[in-house]
Amino acid sequence: MATKRKVKKPSSRTSGIQAISPCLWFDSQAEEAARFYVSVFKKGKIVSVNRYPAVGREIHGREPGSVMTVEFVLNGLPFMALNGGPIVKFNEAVSLQVFCRTQKEIDYYWEKLGEGGDPNARQCGWLKDRYGLSWQVAPEGMAKMFKNPKSKGTERAFAAMMQMKKLDIAALQAAYKG
């Protein structure tokens, strides 16, 4: 008689898929940045703040009790902010995308995330926030306009986007339609 083998169900947290979460490296502004980000996103919250122990101070160089990491959630996605020191800086090779349904949403995120950021780092829906992190604030479905590189609509929409700093949904759609 064969015995039934119990199969372990995946946790509800990951639904059988390996969880991936960005860890953002800051010099010493992890908590400040996390609090800023959760203030911008309506469904944002701080989950935990962890502090450096005295152990390893000769390596990490941080005061015992100072903030080491901050776990936070933005619109259901988990993030970690790390106070790792001045060695590593953000650059454009990695950006976070915010897909917006309306121009009002684009305007909101563009203003909030860009406040205090580098005004020279704004092009085609990209911006850098006050911490140097790059964001793309774009309309949902924009990629559909750029599916066919030989399409006249794609060429017009792409040419219009290249002239924009903050994206304008109506102008992109009008250019695409011709």
Side-chain angles (χ1 to χ4, degrees), residues 9-53 60 62 65-146 161 164-173:
K9 290 183 179 179
S11 73
S12 61
R13 180 175 170 226
T14 61
S15 301
I17 299 172
Q18 181 63 43
I20 297 173
S21 173
C23 178
L24 306 174
W25 181 306
F26 296 88
D27 178 4
S28 60
Q29 313 92 336
E31 186 173 19
E32 175 189 320
R35 292 197 184 285
F36 169 68
Y37 297 138
V38 301
S39 77
V40 170
F41 290 86
K42 292 167 182 65
K43 293 181 183 177
K45 69 177 180 177
I46 300 288
V47 176
S48 70
V49 176
N50 299 306
R51 302 188 178 277
Y52 276 102
H60 61 68
R62 300 295 175 150
S66 65
V67 173
M68 179 174 62
T69 60
V70 180
E71 292 179 84
F72 62 104
V73 175
L74 301 178
N75 292 355
L77 298 172
F79 290 81
M80 180 176 284
L82 165 72
N83 280 333
I87 301 164
V88 177
K89 305 277 186 215
F90 292 121
N91 67 47
E92 297 80 2
V94 174
S95 62
L96 301 178
Q97 296 177 300
V98 181
F99 294 109
C100 302
R101 291 189 179 114
T102 66
Q103 189 64 45
K104 186 176 178 179
E105 284 184 351
I106 286 177
D107 296 345
Y108 170 82
Y109 287 111
W110 187 264
E111 179 185 329
K112 295 294 183 184
L113 292 169
E115 187 177 293
D118 181 356
N120 296 317
R122 296 179 177 193
Q123 187 64 43
C124 303
W126 291 60
L127 63 83
K128 278 192 181 185
D129 69 23
R130 64 182 75 172
Y131 305 101
L133 182 60
S134 292
W135 295 82
Q136 295 178 58
V137 181
E140 286 182 352
M142 187 172 89
K144 289 179 185 174
M145 284 190 257
F146 302 135
M161 180 192 69
M164 297 177 185
K165 293 188 182 296
K166 176 177 68 175
L167 298 182
D168 180 322
I169 295 173
L172 286 169
Q173 289 172 339

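We find the CG-OG distance between Leu82 and Ser28 to be 11.5 Å, quoted to the nearest 0.5 Å. Here the straight-line distance linking atom NZ of Lys42 with atom CD of Glu105 works out to 7.0 Å at 0.5 Å rounding.
Sequence neighbours left out, the pairs with a member in residues 100-120 that pass ring-ring contact (aromatic ring centres under 6.0 Å, His included) are Phe41-Tyr109.
Nearest heavy atoms, Glu115 versus Arg122: N-NH2, 4.2 Å. Annotation for Val137 and Cys100: closest pair CG1-SG, 4.0 Å, computed over non-hydrogen atoms. Counting all heavy atoms, side chain and backbone alike, Pro78 lies closest to Ser21 at O-OG, 2.7 Å. Of all the heavy atoms in Cys124 and Leu167, the pair that sits closest is C-CD2, 3.7 Å. Nearest heavy-atom pair, Asn83 versus Tyr52, reported as atom, atom and distance to 0.1 Å: O-OH, 2.6 Å. Gln103 and Ile169 make their closest contact through OE1-N, 2.7 Å (heavy atoms, listed as atom of the first residue, atom of the second, distance).
No donor-acceptor pair closer than 3.5 Å links the side chain of Gln136 to the backbone N or O of Leu96.
Phe36 is listed as a side-chain neighbour of Arg130, based on a closest heavy-atom distance under 4.5 Å. Between Pro139 and Ile106 the shortest side-chain heavy-atom distance falls below 4.5 Å. Residues Val98 and Trp135 form a side-chain contact, since some pair of their non-hydrogen atoms from C-beta on lies under 4.5 Å apart. You'll find the side chain of Leu172 reaches within 4.5 Å of the side chain of Met164, heavy atoms only. Residues Lys43 and Leu74 form no side-chain contact, since every pair of their non-hydrogen atoms from C-beta on lies 4.5 Å or further apart.
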Is there a side chain to side chain contact (heavy atoms under 4.5 Å, CB included) between Met161 and Met142 once you walk through the steps?
-> CA-CA 10 Å; Met161 180 192 69; Met142 187 172 89; 3.9 Å; yes
Where do Gln123 and Trp126 land on the side chain to side chain contact (heavy atoms under 4.5 Å, CB included) test, with the steps shown first?
-> CA-CA 5 Å; Gln123 187 64 43; Trp126 291 60; 5.5 Å; no
Begin from the C-alpha positions of Lys166 and Glu111 and carry the test salt bridge (Lys or Arg N to Asp or Glu O under 4.0 Å) through to its verdict.
-> CA-CA 10 Å; Lys166 176 177 68 175; Glu111 179 185 329; over 6 Å; no
Mind running side chain to side chain contact (heavy atoms under 4.5 Å, CB included) on Leu24 and Met80 for me, showing each step along the way?
-> CA-CA 6 Å; Leu24 306 174; Met80 180 176 284; over 6 Å; no
Side chain to side chain contact (heavy atoms under 4.5 Å, CB included) between Lys128 and Leu133: does it pass, once the steps are laid out?
-> CA-CA 5 Å; Lys128 278 192 181 185; Leu133 182 60; over 6 Å; no
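Inspection of the Ser134 and Glu92 side chains reveals no N or O donor paired with an N or O acceptor under 3.5 Å. Side-chain contact annotation: Asn50 with Thr69, donor-acceptor N/O pair under 3.5 Å present. Tyr37 and Asp129 form a side-chain donor-acceptor contact under 3.5 Å, judged by distance and modelled atom types alone.
A salt bridge links Arg62 with Asp27: at least one charged nitrogen is closer than 4.0 Å to a carboxylate oxygen.
Ring-centre distance between Tyr131 and Trp25: not below the 6.0 Å cut-off.
Arg51 CZ: more than 12 foreign heavy atoms inside a 6.0 Å radius.
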